Protein chains: 2
Amino acid sequence: MKLTLEDIGRLAGVSRSTVSRVINNQPNVHDDVRANVLEVIERTGYAPNAAARSLVSGRSGVIGLVIPSRVHAIFEDPYFSRLIQGISAASNSSGNMLSLFLFQSAEEETDLYPRVVKAGFLDGLIVTATRMGDPLLASLTGSDLPVVIVGRPDTGGVSYVDVDNHDGGVKAAVHLYELGHRKIGLLGAPVSTTAGLDRLNGFVQGLATCGMALDPKLRVDGDFSESGGYEAMQKLAKQRPDAVFAASDTMAFGALRALQEHGISVPQDMAIVGFDGMPASEKSIPALTTIRQPVAETGTRAVQVLNDLISGAASAPVVEILPVELVVRQSTDSTAPALGGRR
Amino acid sequence: MKLTLEDIGRLAGVSRSTVSRVINNQPNVHDDVRANVLEVIERTGYAPNAAARSLVSGRSGVIGLVIPSRVHAIFEDPYFSRLIQGISAASNSSGNMLSLFLFQSAEEETDLYPRVVKAGFLDGLIVTATRMGDPLLASLTGSDLPVVIVGRPDTGGVSYVDVDNHDGGVKAAVHLYELGHRKIGLLGAPVSTTAGLDRLNGFVQGLATCGMALDPKLRVDGDFSESGGYEAMQKLAKQRPDAVFAASDTMAFGALRALQEHGISVPQDMAIVGFDGMPASEKSIPALTTIRQPVAETGTRAVQVLNDLISGAASAPVVEILPVELVVRQSTDSTAPALGGRR
DNA sequence: AGGATTCCCGGGAGCGCTCCCAGCGAATAT
DNA sequence: ATATTCGCTGGGAGCGCTCCCGGGAATCCT
């Protein structure tokens, strides 16, 4: 019961070629004939064979999404959920299929290139969460496969889509300064990630434009996790800053937990700004002021850029930086009723 | 710079066919020749073209994972993260590629069948989180594509892998009974899901074996979410049960929050058993007694069953039920120091 | 009116692979 | 000694599709 172009042609009284033209929406087919062929296709439920099509066209209609090994602990991070949803939605609507590559080990990772890429299985690749000096990235950029990185990579020459982490840092610093805070601390993200680095640099620059500098004693770095934020704030709290920029919402939640245990009220005793704009940030107590990044849109844009690269509409390194937005909530609103701190 | 079998053959001084035999590990190739061919392949970095291979063999080496539209709100549920990881790991190690289908709308869903399945793009399909009476499921079982459902579907004749939700309900009931509780309530999962139904039925049966019945007034259903658990417990708390089985950890967390607000201590005033065994369940305060289900293993088994179905090693409806396990922690340990309740 | 153009349509070629069969030399059986 | 088998190898056929080219009919031009 496997239908081919030839079968459809026979049923419609035309040739293989004409059916092909109809399917691919090509011109030079008489309207009556086109309608008839379409009717037969509809009636028989015919769908062209993907392998045959891909063999001759050189296109598979599949894009890959790579999430490297080390991310597994973080995989429950809502960030990835939203990112995957954005990417999935965009590839669905652009007629692509999405192949997911989660790697448990470095071997699986080095396996990717020959088994998948060289086999011509993919039209393009989106890579997330690259480390600094990621070897996968190097092997990928050497090939002629279109690749888009989500997040700024530490090497040039490759296309990427990122949010404006630097500007987010600036915005956080300026916001805290404008609220009157002068002893402003940083609960940093790992500087082994470009996101962590950019947020740090932006924050420092933001302070600088306000005529301030970041006191090294007021900076403790975490690892993006809730417990990392908790532990970092344990140390930071001793210095008693009157405001802190936590470079991720999740770390901010950990920080809030630590502050609660210390009996330090937010925002009365200390103002907190997070980064991410996670849904949970508006439900925390107090609701978290944060730098919202458009995660799903980042995924969407990555797919669009990749499609441009594949179709040849764009070439070589395309860079796209999406804006972030300051969302002010209770955690930096000192006029708010005292909801924070001990409950 | 695209290499073909013929190229490799020329370089190795043999024919296309011999190279093919070497690549596919077939017999009847002289050892010297085999070694030589292998050397050429290694040196040139040749990888056989996936499309051509799939065209003639009828196999794509790709399995699909479908997550229907309605799940999006729940997608951040750690359950799906762990499931996806299990499925991904198993398909990686079985030499398959994984294609992810997240649907935002019903249209995308109905689109799946023609565009992907009939195109022969997939060797098999894993479907999660089916609803009762899911139309997708019906259209899929009608085809000859191997399909495995994760979670018990409401129709027969289809292969599935599930955890023993029923036994989990029994274990929860018996555990609470054995601790001496006699006014035992249920914070149920939606009975529009087979998981919710099975947990309910198991719970009722577990009580029955202890000579008890579930008082309808002591049963309130939630929707798997934290806030659903919170609201359900608001109602349930008025009846003052001395023990409650929450049919998911997430709901149990919501319930704990509600109880905390009411000043009801866990486990002193009320014992709580959850269901899932999420990582967060050991970090909650108090640590949650729960029915642990092997989520990643469920995914792994689904892939294995699917591969058996694809290879023909198994046929038609294969059913696999994985055991669950009671994990006792503070939330049902009345001898524990009073950590629960108001902090 | 006759030739050039345009619009449709059909069939050959070939994408890179696997499968099948024929051939060939060497080893074994009769 | 010839007949039979077996291990190994090469090449033809064909998977279902797209692309290209050529032919026939309808339309256009001067």
Side-chain angles (χ1 to χ4, degrees), chain A residues 1-38 40-41 44-62 114-123 311, chain B residues 1-38 40-41 44-62 114-123 311:
Chain A
M1 187 44 200
K2 226 184 193 173
L3 292 169
T4 71
L5 271 191
E6 210 90 39
D7 296 329
I8 303 299
R10 202 175 321 112
L11 289 169
V14 296
S15 77
R16 188 170 32 103
S17 303
T18 300
V19 180
S20 173
R21 274 186 277 262
V22 171
I23 288 177
N24 296 296
N25 269 319
Q26 287 173 8
N28 296 338
V29 178
H30 195 87
D31 286 350
D32 299 349
V33 176
R34 190 183 294 270
N36 183 29
V37 170
L38 248 21
V40 172
I41 290 176
T44 55
Y46 166 80
N49 180 282
R53 192 175 251 216
S54 146
L55 175 60
V56 51
S57 70
R59 291 270 183 84
S60 64
V62 180
R115 212 178 89 202
V116 183
V117 175
K118 299 214 67 173
F121 192 84
L122 298 174
D123 288 350
S311 71
Chain B
M1 190 44 200
K2 224 179 191 177
L3 292 168
T4 71
L5 270 191
E6 211 89 39
D7 296 327
I8 303 299
R10 199 172 327 109
L11 288 170
V14 297
S15 77
R16 187 170 33 103
S17 302
T18 300
V19 179
S20 173
R21 273 185 278 262
V22 170
I23 288 177
N24 296 297
N25 269 318
Q26 286 174 9
N28 296 336
V29 178
H30 196 89
D31 285 350
D32 299 348
V33 176
R34 188 183 297 269
N36 183 31
V37 170
L38 248 22
V40 173
I41 291 175
T44 56
Y46 166 80
N49 180 283
R53 192 175 251 215
S54 148
L55 175 60
V56 50
S57 69
R59 292 269 182 85
S60 65
V62 180
R115 212 179 89 202
V116 183
V117 175
K118 298 212 69 175
F121 193 85
L122 299 175
D123 288 349
S311 70

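Quick caveat, the model's predicted, so the values are computed rather than measured. Naming: A, B, ... by sequence-line order, numbering from 1 per chain.
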**Asked** With a 4.5 Å limit on heavy-atom distance, are the side chains of A:Asn49 and B:Phe121 in contact?
**Response** no
**Message:** Once pairs are restricted to Watson-Crick or G-U wobble with both distances under 3.5 Å, how does DNA chain D read as a dot-bracket string, [ ] for crossings and | for other-strand pairs?
**Reply:** .||||||||||||||||||||||||||..|
**Asked** 5'-most contact on DNA chain C: B:Ala51 or A:Pro27, nearest heavy atom basis?
**Response** A:Pro27
**Item:** Value rounded to 0.5 Å, distance of CG in A:Leu11 from OG1 in A:Thr44
**Value:** 7.0 Å
**Separation of atom CG in B:Asp31 from atom P in D:dC8, rounded to whole Å** = 8 Å
**Prompt:** Does anything in residues 15-25 of chain A reach DNA chain D, meaning a heavy atom under 4.0 Å, and if so which residues?
**Reply:** A:Arg16, A:Ser17, A:Ser20, A:Asn24
**Request:** Just call it for B:Asn28: base, sugar-phosphate, or nothing, with non-hydrogen atoms closer than 4.0 Å on any strand.
**Result:** base
**Message:** Rounded to whole Å, please give me the gap between NE2 in B:His30 and P in D:dC8.
**Reply:** 7 Å
May I have the list of side-chain donor-acceptor pairs in residues 16-23 of chain B shorter than 3.5 Å, sequence neighbours left out?
unit_1, atom_1, unit_2, atom_2, d
B:Arg16, NE, B:Glu6, OE1, 3.3
B:Ser20, OG, B:Asn24, ND2, 3.4

**Minimum heavy-atom distance between A:Pro48 and A:Arg53, given as atom pair plus value** = CG-NH2, 3.5 Å
**Prompt:** Which is the 5'-most and which the 3'-most nucleotide of DNA chain C that has an atom under 4.0 Å from a heavy atom of chain B?
**Reply:** C:dG16 to C:dC19
**Message:** Tell me the interatomic distance from B:Asn36, atom CG, to D:dC8, atom C1', rounded to whole angstroms.
**Reply:** 15 Å
**Asked** For B:Ala119, which residues count as a side-chain contact (heavy atoms from CB on, under 4.5 Å) partner, sequence neighbours excluded?
**Response** A:Ala50
**Message:** Taking side-chain hydrogen bond (donor to acceptor under 3.5 Å, both in side chains) as the definition, give me every residue that meets it alongside A:Ser60, ordered by chain and number, with sequence neighbours left out.
**Reply:** A:Asp123
**Asked** Side chain of B:Lys118, backbone of A:Tyr46: donor and acceptor closer than 3.5 Å?
**Response** no
**Prompt:** What pairs with A:Ala12 under side-chain contact (heavy atoms from CB on, under 4.5 Å), at least two apart in sequence or on another chain?
**Reply:** A:Val14, A:Asn36, A:Val37, A:Val40
**Asked** Quick one: B:Leu5 CG to D:dT9 C1', roughly how many Å, whole number?
**Response** 15 Å
**Asked** In whole angstroms, how far is the C1' atom of D:dG10 from the CD1 atom of B:Ile8?
**Response** 17 Å
**Fill in**
Those residues at least two apart in sequence (or on a different chain) that pass salt bridge (Lys or Arg N to Asp or Glu O under 4.0 Å) with B:Arg10 are B:Asp7
**Message:** Can you tell me how far apart CG (B:Leu38) and CD1 (B:Ile8) are? Round to the nearest 0.5 Å.
**Reply:** 11.0 Å
**Complete:** On DNA chain D, more 5' by nearest nucleotide between B:Gly13 and B:Leu55 is B:Gly13
**Request:** Respond yes when some side-chain nitrogen or oxygen of B:Gln26 is under 4.0 Å from OP1 or OP2 of D:dC8, and no when none is.
**Result:** no
